[in-house]
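This report refers to the structure that appears directly beneath it.
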Number of protein chains: 2
Amino acid sequence: MENILKLINEKKFIEAKERLEKENVVDIASFLEGIDKESVVKTFRVLPKDMAADVFAYLDHEERMHIINSITDSEISNIINDLYIDDTVDFLEELPANVVKKVLKNTDETKRKIINNFLNYPDSSAGSIMTIEYADLKQSMTVSDAINHIKKTGIDKETINTCYVIDNNRVLLGIISLRKLILSSNDILIEDLMKKEFISVNTLDDQENIAHLFKKYDLLSIPVTDNEKRLVGIITIDDIVDIIDQENTEDFQIMAGMEPNEEEYLKTSVWDLAKHRILWLLVLMISATFTGNIIRHFEDVLSSVVILASFIPMLMDTGGNAGSQSSTLVIRGLALGEIKLSDGFKVMFKEFRVSLLTGSILAIVNFIRIYFFEKVSFLISLTVCISLFFTVIVAKLVGGILPIIAKKLKLDPAIMASPLITTIVDAIALTLFFSLSVVLLNLPV
Amino acid sequence: MENILKLINEKKFIEAKERLEKENVVDIASFLEGIDKESVVKTFRVLPKDMAADVFAYLDHEERMHIINSITDSEISNIINDLYIDDTVDFLEELPANVVKKVLKNTDETKRKIINNFLNYPDSSAGSIMTIEYADLKQSMTVSDAINHIKKTGIDKETINTCYVIDNNRVLLGIISLRKLILSSNDILIEDLMKKEFISVNTLDDQENIAHLFKKYDLLSIPVTDNEKRLVGIITIDDIVDIIDQENTEDFQIMAGMEPNEEEYLKTSVWDLAKHRILWLLVLMISATFTGNIIRHFEDVLSSVVILASFIPMLMDTGGNAGSQSSTLVIRGLALGEIKLSDGFKVMFKEFRVSLLTGSILAIVNFIRIYFFEKVSFLISLTVCISLFFTVIVAKLVGGILPIIAKKLKLDPAIMASPLITTIVDAIALTLFFSLSVVLLNLPV
């Protein structure tokens with residue numbers, strides 16, 4: 001690709017264009033992101049017209065802005081008219097208002113109207129991710145009519161692998177795959193071939209649920225209809241793959257106690273990174289002082305047997321780990337639809353049995369370690385290990401049920417992950433530990 | 001769907017079959033999973049022949065086993081011959097050896113050979129997830145030859161949306177989309193239409209990398225070639241979507257300190273759940289005693305100022321949270337390919353600045369809280385807050401760099417998540433805290 005840049009600098013544009021034609025648009029976009037701003041615009045202008053919009057769609061925000069600000073209005077207009085509507089909307093959504101105006105000014109009126117409609121769909125709704133470039137057929141067409149229709153109109157469609165059969169009011173009647181068209185005889189009517197039972201979504205449906213439908217039914221595209229069942233767009237699998245990653249990233253971030261952020265790590269400013277982290281850190285820090293107060297409450301216990309303090313980290317960490325193992329599995333199960341809200345009892349029972357098993361192993365290993373190897377007194381060893389056993393049980397029950405309760409309360413289950421679970425379990429673990437110490441070691445409160 | 005079962009029980013098989021024909025195979029499969037074993041087999045036998053294999057492919061392991069054990073050899077043979085090769089292999093891989101034998105006995109010899117080949121590909125390799133049902137063309141064909149060829153052979157192919165052009169030795173020369181075929185004139189040669197620059201993978205390539213290629217290039221399918229560049233199969237996007245989820249689930253599990261497990265939570269036995277959790281719990285519990293030893297080392301410090309113990313949970317939790325925020329973002333960035341191994345320095349510098357910001361805010365808020373509101377002495381408040389500040393810095397640096405180091409050592413970066421980071425940061429935080437107490441409060445060691 002370096003050679004192409006050399007050709008451009010030597011003003012050998014025709015040769016450069018021929019070379020660019022052989023490259024993949026994704027690779028050209030990554031190449032442009034690595035070179036200086038001036039060369040970006042130069043190379044972009046040399047691109048064959050039919051590749052320019054595609055490359056543009058794969059560029060980062062920064063490069064797109066730079067290009068839009070460097071090229072002429074008519075060049076902008078060419079790109080926008082060649083972009084699929086979903087890519088156009090993605091792009092416009094991240095632009096400052098004045099640039100949006102500049103771009104829209106260069107768009108023909110029909111497309112402008114459509115774009116304005118799209119910009120009004122709520123974030124993460126089917127409407128905001130769909131595209132309008134689909135192939136539509138009529139039920140009265142024969143297979144050969146249909147193929148001829150696709151031949152005439154298919155060139156601009158994002159996918160023609162699935163075609164949509166609509167009536168005169170654009171109401172969606174059925175779907176038919178290009179495969180089925182090709183494999184059928186020419187004179188069969190579409191009406192007799194199309195699938196009348198199909199899966200569709202409404203413009204306002206949430207992208208996460210749509211992703212579930214794609215996964216469940218192994219779809220390549222899905223039609224989007226309005227409240228009157230009229231076809232208004234389609235969503236294709238390539239956008240869904242991005243959404244799956246995006247939703248997962250969001251879960252990872254929330255589960256680590258951060259506010260979700262779509263931006264790539266290395267492209268996020270220090271300020272923004274700090275902003276997304278500080279709130280949870282503050283909340284959890286202040287909650288942890290609650291645990292500190294428990295220790296202060298048992299200050300006398302601690303001053304008579306200072307060695308008890310040395311078991312605090314082990315109890316806290318093990319409780320936190322045991323709890324977040326459970327909460328992670330349940331959060332993930334809920335996200336993938338494998339665990340339902342009604343499974344609360346099943347989950348609790350399962351976690352209870354798992355905690356009995358893991359809790360006893362941990363308690364026994366720990367007893368052997370501290371009583372036989374570290375020569376801690378029998379009663380203290382016993383206190384520590386009983387506390388550990390019950391801590392694991394409580395941790396796993398809390399970790400197992402809180403995500404389900406959160407979901408019942410229409411909260412994101414992912415907030416019930418390691419940080420919050422750890423804080424809750426810490427408090428319980430230490431209360432248990434010190435109360436038990438008072439009883440077993442016969443100490444003053 | 002309940003009605004269909006009723007029809008079957010009333011032996012109205014033809015009506016039941018007609019009703020089943022209108023249902024989606026995925027929905028039929030979920031329906032079968034909810035009814036009693038006997039009805040499963042009955043309903044399965046009523047299914048139209050061309051739907052049976054599809055429904056079978058969507059069933060759970062348990063139901064599949066039950067069906068295979070209840071139907072005749074010739075019925076088994078029908079299903080296996082109708083299954084795509086990737087589904088057959090998935091299915092066979094989870095069967096006990098004697099049932100595999102029973103199934104293979106009922107498969108024709110060619111298919112049996114292919115299946116045996118497939119079973120030998122390593123887990124998670126391209127070979128193990130590919131299918132052999134693809135449409136192949138010759139470069140000397142015209143568009144109308146090609147379409148006729150597809151019409152004749154396409155019915156059994158998993159996808160014909162992309163066709164593969166091979167020479168007489170099956171070496172892959174190019175790819176061409178069905179869309180392009182349809183939109184081109186009949187007499188053009190495939191040779192002149194096909195894309196000669198295409199993305200392909202080797203049978204031994206890892207599924208995670210293949211998923212990256214699908215995402216990067218928005219592919220719907222990818223050809224798989226052997227070392228001699230001969231086409232041996234294709235991988236389709238529906239399998240990739242499952243792999244993306246599977247890889248994410250694996251990361252979630254490892255990051256919560258568990259050994260990865262593909263089984264659904266509710267279908268995993270208590271024993272297996274415990275087995276996947278206990279190792280890490282033990283390792284981390286024993287590591288945490290290291291932190292306990294630090295406290296024991298400073299026992300004299302603690303007995304002179306017992307109140308210090310009450311800040312241990314806050315320091316440990318905040319350190320753990322700060323560290324796992326950083327490690328989560330870096331682990332995710334590495335998994336999505338947004339952060340590269342060479343970015344270690346950039347990450348450290350970024351985390352250092354974020355930690356200065358968040359660390360100072362936390363330290364100041366905490367100082368105000370404990371000095372002004374909880375009336376803790378000035379020197380102790382100062383000790384706690386300085387320790388907190390440095391703990392956050394250390395936590396973020398450790399959390400930021402350990403996943404990158406893990407990846408450099410060819411380990412899974414996901415192990416450097418909350419549980420391990422917390423344990424490491426705990427030890428550092430408490431050492432810092434007690435050492436600083438000794439100095440600032442002028443205490444004996």
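Per chain, numbering begins at 1; letters A, B, ... match sequence-line order. Just so we're clear, the structure is a prediction, and the values are computed from it rather than from any experiment.
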**Report entry** Segment of B:Phe214 engaging chain A (4.5 angstrom heavy-atom cut-off)
**Finding:** neither
Report task. Please name the residue in the list B:Asn366, B:Val392, B:Asp317, B:Asn321 that meets the side chain to side chain contact (heavy atoms under 4.5 Å, CB included) test with A:Met285. Result -> B:Asn366
Requested in this report: Might you point out which heavy atoms bring B:Val347 and A:Leu266 nearest each other, and give the distance in Å?
Outcome: CG2-CD2, 4.3 Å
Report task. Tell me, for A:Leu315 versus chain B, whether the close heavy atoms (under 4.5 Å) come from the side chain, the backbone, both or neither. Result -> neither
Query raised in the report: B:Thr236 versus chain A, heavy atoms under 4.5 Å apart: side chain, backbone, both or neither?
Result: neither
Query raised in the report: Where is the tightest heavy-atom contact between A:Met316 and B:Pro313, given as atom of each residue plus distance?
Result: CE-CA, 3.6 Å
**Report entry** Winner by heavy-atom pair count (cut-off under 4.5 Å) against chain B, out of A:Ile150, A:Asn248, A:Leu302, A:Ile278
**Finding:** A:Asn248
Requested in this report: Select one option (side chain, backbone, both, neither) describing which atoms of A:Leu357 are under 4.5 Å from chain B's heavy atoms.
Outcome: side chain
Query raised in the report: A:Leu220 versus chain B, heavy atoms under 4.5 Å apart: side chain, backbone, both or neither?
Result: side chain
Query raised in the report: Among B:Asp27, B:Asp238, B:Asn24, whose side-chain hydrogen bond (donor to acceptor under 3.5 Å, both in side chains) with A:Tyr217 holds?
Result: B:Asp27
**Report entry** Proximal component of A:Glu23, with respect to chain B [non-hydrogen, under 4.5 Å]
**Finding:** neither
Query - chain A contact via B:Ile244 - which portion, at a heavy-atom distance below 4.5 Å - result: side chain
Query raised in the report: Between the side chain of B:Arg179 and the main-chain N/O of A:Leu178, is any donor-acceptor distance below 3.5 Å?
Result: no
Report task. Using a strict cut-off of less than 4.0 Å between a Lys/Arg side-chain nitrogen and an Asp/Glu carboxylate oxygen, indicate whether A:Asp251 and B:Arg332 qualify as a salt bridge. Result -> no
**Report entry** Proximal component of B:Glu197, with respect to chain A [non-hydrogen, under 4.5 Å]
**Finding:** side chain
Query raised in the report: Between A:Glu264 and B:Lys350, is the closest basic N to carboxylate O distance under 4.0 Å?
Result: no
Report task. Report the C-alpha distance between A:Leu329 and B:Arg277 in whole Å, list the side-chain angles of each, state the deciding distance to 0.1 Å, and finish with yes or no for side chain to side chain contact (heavy atoms under 4.5 Å, CB included). Result -> CA-CA 11 Å; A:Leu329 287 186; B:Arg277 299 180 190 183; 3.3 Å; yes
Report summary line: Honestly, the part of A:Leu388 sitting under 4.5 Å from a heavy atom of chain B is side chain
Requested in this report: Quick one: closest heavy-atom pair of B:Ala322 and A:Leu281, and the distance?
Outcome: N-CD2, 3.7 Å
Query - Which atoms of B:Leu219 approach chain A - backbone, side chain, both or neither, heavy atom under 4.5 Å - result: neither
Query raised in the report: Which bit of A:Thr268 is near chain B, if near means a heavy-atom gap under 4.5 Å: side chain, backbone, both or neither?
Result: backbone
Report task. Test side chain to side chain contact (heavy atoms under 4.5 Å, CB included) on A:Thr422 and B:Thr422 and set out the steps. Result -> CA-CA 11 Å; A:Thr422 300; B:Thr422 300; over 6 Å; no
Query raised in the report: Between the main-chain N or O of B:Gly257 and the side-chain N or O of A:Gln325, is there a donor-acceptor pair closer than 3.5 Å?
Result: yes
Query raised in the report: Quick one: what part of A:Val270 sits under 4.5 Å from any heavy atom of chain B, side chain, backbone, both or neither?
Result: both
Report task. Let me know if A:Asp343 has heavy atoms under 4.5 Å from chain B in its side chain, its backbone, both or neither. Result -> side chain
Requested in this report: Assess whether side chain to side chain contact (heavy atoms under 4.5 Å, CB included) is satisfied between B:Val241 and A:Val241, documenting all intermediate values.
Outcome: CA-CA 7 Å; B:Val241 168; A:Val241 168; 4.2 Å; yes
Query raised in the report: At a heavy-atom separation under 4.5 Å, does A:Lys196 approach chain B through its side chain, its backbone, both, or neither?
Result: neither
Query raised in the report: Under a 4.5 Å heavy-atom cut-off, does chain B meet the side chain of A:Ile294, its backbone, both or neither?
Result: neither
Query - Within 6.0 Å of NZ in B:Lys215, more than 12 heavy atoms from elsewhere - result: yes
Report summary line: The interface call for A:Ser303 against chain B, heavy-atom contacts under 4.5 Å, is both
Query - Largest heavy-atom contact set with chain B, pairs under 4.5 Å, which of A:Ile160, A:Leu362, A:Leu181 - result: A:Leu362
**Report entry** Residue part contacting chain B, namely of A:Ile237, when any heavy atom lies under 4.5 Å
**Finding:** side chain
Requested in this report: State, to 0.1 Å, how close A:Tyr265 and B:Glu351 come at their nearest heavy-atom pair, and which atoms those are.
Outcome: OH-OE2, 2.6 Å
Report task. Write down the atom of B:Ala256, the atom of A:Thr328, and the distance for their closest heavy-atom approach. Result -> CB-OG1, 3.3 Å
Query raised in the report: Just wondering, do A:Leu183 and B:Lys157 contact through their side chains at under 4.5 Å, heavy atoms?
Result: no
Query raised in the report: Which atoms of B:Thr159 come close to chain A, meaning under 4.5 Å heavy atom to heavy atom: side chain ones, backbone ones, both, or neither?
Result: backbone
Requested in this report: Please say which of A:Arg296, A:His297, A:Glu299 ends up in a side-chain hydrogen bond (donor to acceptor under 3.5 Å, both in side chains) with B:Ser310.
Outcome: A:Arg296
Query raised in the report: A:Ile331 versus chain B, heavy atoms under 4.5 Å apart: side chain, backbone, both or neither?
Result: neither
Requested in this report: Could you list the residues that satisfy side chain to side chain donor-acceptor pair (under 3.5 Å) with B:Arg353, not counting sequence neighbours?
Outcome: none
Query raised in the report: Considering all heavy atoms of both residues, which atom of B:Ala309 and which atom of A:Ile295 are nearest to each other, and what is their separation?
Result: O-CD1, 3.4 Å
Query - Which portion of A:Phe198 sits near chain B, non-hydrogen atoms under 4.5 angstrom - result: neither
